[in-house]
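Accompanying notes for the structure given below.
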Amino acid sequence: MSQPTPSLAVELAGLALRNPVMPASGTFGYGQEFAPYLDLEKIGAVMTKGISLRPKAGNPTPRIAETSSGMLNAIGLQNVGIDAFIRDKVPYLQTLNTPVIVNFFGNQLHEYIEVAEKLSDIEAVDAVELNISCPNVKQGGIVFGTEPCAAAEVVSGVREKLNKPLIVKLTPNVTDITVMARAVEESGADVISCVNTLTGMAVDIEKQCLHLANGTGGLSGPAIKPVALRMVYQVVRAVSVPVIGIGGIMTAKDALEFLLVGATAVQVGTANLVNPGAMSEIVDGIEQFCRDKGIDDINQWIGSLQE
Amino acid sequence: MSQPTPSLAVELAGLALRNPVMPASGTFGYGQEFAPYLDLEKIGAVMTKGISLRPKAGNPTPRIAETSSGMLNAIGLQNVGIDAFIRDKVPYLQTLNTPVIVNFFGNQLHEYIEVAEKLSDIEAVDAVELNISCPNVKQGGIVFGTEPCAAAEVVSGVREKLNKPLIVKLTPNVTDITVMARAVEESGADVISCVNTLTGMAVDIEKQCLHLANGTGGLSGPAIKPVALRMVYQVVRAVSVPVIGIGGIMTAKDALEFLLVGATAVQVGTANLVNPGAMSEIVDGIEQFCRDKGIDDINQWIGSLQE
Amino acid sequence: MQNLKTVILHNREIAPGYYRMAILAPGYPQTAKAGQFVMLRVQLQAQPLLRRPFGIFKTGTLPPECSGMPPREFVELVYKVVGSGTELMATLQRGDQVELLGPLGEGFVATEDENPILVGGGIGLVPLFKLAEDLCRQGRKVRLLMGGRTRDDILGITEFERLGVETYVSTDDGSLGEEGLVTAVLERKLAKYPGAQVYACGPTPMLNAVHAICATHSTPLQVSLEALMACGVGACLGCVVPGKEHREDEPDYLCTCRQGPVFDAELLQWPESGGAA
Amino acid sequence: MQNLKTVILHNREIAPGYYRMAILAPGYPQTAKAGQFVMLRVQLQAQPLLRRPFGIFKTGTLPPECSGMPPREFVELVYKVVGSGTELMATLQRGDQVELLGPLGEGFVATEDENPILVGGGIGLVPLFKLAEDLCRQGRKVRLLMGGRTRDDILGITEFERLGVETYVSTDDGSLGEEGLVTAVLERKLAKYPGAQVYACGPTPMLNAVHAICATHSTPLQVSLEALMACGVGACLGCVVPGKEHREDEPDYLCTCRQGPVFDAELLQWPESGGAA
Ligand SMILES: Cc1cc2nc3c(=O)[nH]c(=O)nc-3n(C[C@H](O)[C@H](O)[C@H](O)COP(=O)(O)OP(=O)(O)OC[C@H]3O[C@@H](n4cnc5c(N)ncnc54)[C@H](O)[C@@H]3O)c2cc1C
Ligand SMILES: Cc1cc2nc3c(=O)[nH]c(=O)nc-3n(C[C@H](O)[C@H](O)[C@H](O)COP(=O)(O)OP(=O)(O)OC[C@H]3O[C@@H](n4cnc5c(N)ncnc54)[C@H](O)[C@@H]3O)c2cc1C
Ligand SMILES: Cc1cc2nc3c(=O)[nH]c(=O)nc-3n(C[C@H](O)[C@H](O)[C@H](O)COP(=O)(O)O)c2cc1C
Ligand SMILES: Cc1cc2nc3c(=O)[nH]c(=O)nc-3n(C[C@H](O)[C@H](O)[C@H](O)COP(=O)(O)O)c2cc1C
Ligand code: FES
Ligand code: FES
């Protein structure tokens, strides 16, 4: 009764992954932080914290609050900036035998483009993920990711300067995510990842104030899974590029749900914070599920939802 | 040390409520269902299931699914229709010494208006709540509540025919809820209630299908509280009409959070399904909190957030 | 019909994966009817959010724990572990707190028939016990057809027999009683007692088959249905089932939690007529 | 630094609202350093979602439970019930499962000073115990200034004294020791031992006051900070504190979980210089 090991390999716009499980940006540091808990060569890819042109201080503290089956974060995209990233973090990343994806963002179009240019030059970077859920400073703070034209402009600007697969990450805080998905696909996204966090708030009735110094924060974790799953389902059906599912994935079962509705890969965020070994358990769980169901290639499962 | 009973009375556009706690539509039947578990004269108002012009079958089953700290429902607005409502449900409602609010909806403008006219004639109805989170049949199924112009048209149409306070209930599935809030305020809403459910989905990896027969459903319960709280906070600051906070309120503490950010009243939804006595416990809890903090009028607490 | 914050009296595994739980429930012995159910809030925290519905297996009264205290009225449930809620239930112990809403819904209606036939599959045997008790007390000759996949699914056979019920067991794998479906036995019994009142509870395919047989024999049938429930009190409309006359434009949905869970089969749509019970 | 799925050895209330919990933790006696902490996953279900950070109180080894088994290494925590997570912890019993991540962070650095002064307020006494153990073992003369609102907040005084630590108690209400703030005692001690190494852990206002005194006396200070933490391993940046040189455009945030929780006071911004520790 010995069964062959099921193949979990998937492909994202030419990028071959040993399995569809990777971290979500901002919940995995720059990778090295997790090396004591997790074999970085067991996961499909490594994903970095979001990088910007200049170092960014982020928001004042408190930056996190727990909610029912979720958490709010208002880290504010604190990061070392692209130059320090190249100097201090890339040397470690290039030793890994796992694809490295760098998440990045800007507040203005030219910032996005400059970072993209710098990332193009780094061989150790296998793909990039563009976070368009940031306020557009030029357009008075509206979020790039909620405006199809602004999003398209950023995506095509970056696409032009970039020599690697481009993943564009969508925010769920929109009326119709398929509009955004089509806009970024048309302007050059090779892969779409969704979703980022839902904007939320927590208040403290004892201190009569908002929990987070920043006021609002991004909601992540199991609480958002139904919304994320719905959006991934919609986006998969709206575009023809591969989609990475994100939102509340804690277990192999959760990951299998996103794959079932058609995501080619998944990102694990909050779960890494709760359990640094989460992704390893998820990979094992997916493999076990495939064995139990007689699935010998995960691609048979992807998008196999009966409707 | 005997303290005077704190006053919990609030006012919503001329409608006096003995306290700020009322059910959310669709989780309280037509009121009578809860009479065995709850003194209907203990809560601020009674709110009915959404009524439409004609009887509505709703969606096929399964209609509900549990999620982490939440539930999805795809009841599909099943209801007896306005005529049966007037015939079968109003006689009971008019015996109550508690304000009655009727929630209603339509798929076309004229349906909304016809129901509003019929509701105007019923003395036992103290206010109405307009649910604009429904697909607009005429405009090819876009949701009234996500399009400021469509929403404004419905609201002003209804306002014209109505001789009672008009509450307009907003959907959270929009990019910027303040745009919708201003649109409905300008077109005649006396009160804004927010939020309705977030659109979500659940899948079953064993049966390889969607959990709900309808595919998508509305997410409610503690999971959505951070999003709801954020939107209520935003709407309170964007309009000058009173706001009713809704979303994930299970306990007095939750209700106090919404009041703190500026809601004049709250609606309790999913909690009623879990515990039919929930609203009674919430009223008691708010009263106890006021005693403990030396608040003698709940209006002192409303909107008293320190920023 | 009340919401009790109460405690567990005992909770133990009676067959692999099946548990029996007694909950302190003042008033239940007087009010609970055969076929009614309860909504159990398994723990007072957020997860799982919704209550779970369970048929009433038995009610009764225990002697007081200390002299001077009142006797303890209780309700008993029998449940199968299938998911997160029942898994959690299986970990509960004497003295643990739960919230109990009930008794809810409409139960079985004991008709005048002298030779009632009860048909139960797996966990569907649970609500038939109280019904058998009532019928036996009224001096009827009760036949119970018990079905299951394997012998582990045949619950409480001795208890039924102690009531004086004549039991007929069928299992899919033949590990207890006849090999095959409970419906084969039903055909034989109906041939012997034409027009007998049938009461059934079990998985949907079994109920469909039972209904088909009863319809052929023009014999009256009451069925107890399962549905996903959120509230249990008719408020959410999550648990509806299409009634006989149901059509899209003239909806005739019945609430399993309020108008059921036990229905006269005549009121429902059955597979042959286009819907599904 | 490991993630252990392990079990509780004991958990009991030691003062009103304060508990002491021992967890089976192979390796901790060898590796855990004074001032380090653990992230505890209180239950393996979804609520609460995040782990909770707790300072390491003690580590040790118990004799094997049955002969032939290895001895049992453990870590001990002392915690105060303040919210949902600690409430749940208080209900746990011997044998219950938890997940333990640690030992984490940078602990105290024992300096050469012969007359170290430890200052602890309330639950801030916890990480000082292991430090006192180390310092006593190295033959130092340790003075511990213990502060709290009331006598119930003065934890483990006999255990500290058994190590040979000289203790000085101050309570706000005078219910134990001196009435007043622990800082009054600190002033006196520093007058007597100028330049002594101070180690402090406690609420932020206390740390601010301790820092102000130490700065005036130009005496070295190590402080253990608290922060809201999500991951405990430097990944989320939720727990940062502004470093001495921190400015908006030239951020110098320090991670409490990785670069702390114990910091040399010199590395931090303190109220007088515009920030807050
Ligand atoms: C009126 C009524 C009486 C019932 N009586 C009994 C009884 O006496 N003993 C018993 O063991 N079970 C009974 N059930 C079924 C019981 O309610 C479910 O098994 C239970 O709710 C599952 O909870 P869970 O959290 O363990 O499973 P979940 O994790 O919620 O689900 C596991 C599986 O069980 C199914 N399920 C979940 N809830 C229900 C439900 N309400 N009805 C049917 N299937 C469901 C799901 O679709 C899923 O396939 C009854 C149901 C109803 C409606
Ligand atoms: C490095 C470190 C070591 C600690 N050591 C101990 C210890 O030895 N003993 C002990 O009792 N406590 C210790 N704490 C504090 C402990 O982590 C919190 O009391 C606990 O997380 C509260 O969890 P809760 O779910 O009960 O409270 P919650 O419901 O989460 O919150 C209740 C209150 O506690 C505050 N709080 C929550 N989390 C933290 C946190 N991480 N740090 C500070 N305040 C918090 C909240 O702001 C709120 O006011 C330590 C914290 C840190 C960062
Ligand atoms: C602490 C924290 C920091 C995050 N930082 C980033 C970031 O820098 N860039 C980004 O694109 N997303 C960021 N996210 C969003 C996650 O990548 C992910 O989209 C989101 O958390 C939903 O997934 P989850 O529910 O699995 O956590 C962050 C999330 C968390 C919790
Ligand atoms: C079962 C169910 C049915 C609902 N039906 C309606 C409805 O008919 N009309 C409406 O405006 N909202 C309806 N809602 C939305 C609720 O009124 C409320 O806005 C939402 O559930 C969020 O609140 P909660 O988290 O407290 O449940 C329904 C919600 C549930 C759970
Ligand atoms: S379960 Fe809510 S109506 Fe039946
Ligand atoms: S707690 Fe996550 S970085 Fe410190």
I'd like to check A:Arg63 versus D:Leu228 (side-chain heavy atoms, cut-off strictly below 4.5 Å). Are they in contact?
no
Side chains of D:Leu49 and A:Ser69: closer than 4.5 Å at any heavy-atom pair?
no
Tell me, side chain or backbone of A:Ile64 under 4.5 Å from chain D's heavy atoms, or both, or neither?
both
Is there a donor-acceptor contact under 3.5 Å from the side chain of D:Arg41 to the main chain of A:Asn275?
no
Given a strict heavy-atom distance threshold of 4.5 Å, which part of A:Lys49 is in contact with chain D: side chain, backbone, both, or neither?
side chain
Largest heavy-atom contact set with chain D, pairs under 4.5 Å, which of A:Gly29, A:Ala57, A:Ala65
A:Ala57
Counting only heavy atoms not in A:Lys42, do more than 12 fall under 6.0 Å of its NZ?
yes
Does the side chain of D:Val241 reach to within under 4.5 Å of the side chain of A:Thr61, using non-hydrogen atoms?
no
D:Arg52/A:Glu66 ion pair, N-O < 4.0 Å
yes
Straight-line distance of A:Ile75 CD1 to D:Tyr253 OH, nearest 0.5 Å:
10.0 Å
Toward chain D, the part of A:Phe34 with a non-hydrogen atom under 4.5 Å
side chain
Atom group of D:Met39 that falls short of 4.5 Å from chain A, counting heavy atoms
neither
How many angstroms lie between CG in D:Leu50 and OG1 in A:Thr67, if you round to the nearest 0.5 Å?
8.5 Å
A:Gln94, CD atom: more than 12 neighbouring heavy atoms under 6.0 Å
yes
More than 12 non-hydrogen atoms from neighbouring residues, nucleotides or ligands closer than 6.0 Å to CZ on D:Arg72, yes or no?
yes
Closest non-hydrogen atom pair, D:Leu104 against A:Tyr37:
CD2-OH, 3.4 Å
Can you tell me how far CD of A:Glu33 sits from SG of D:Cys255, rounded to the nearest 0.5 angstrom?
8.5 Å
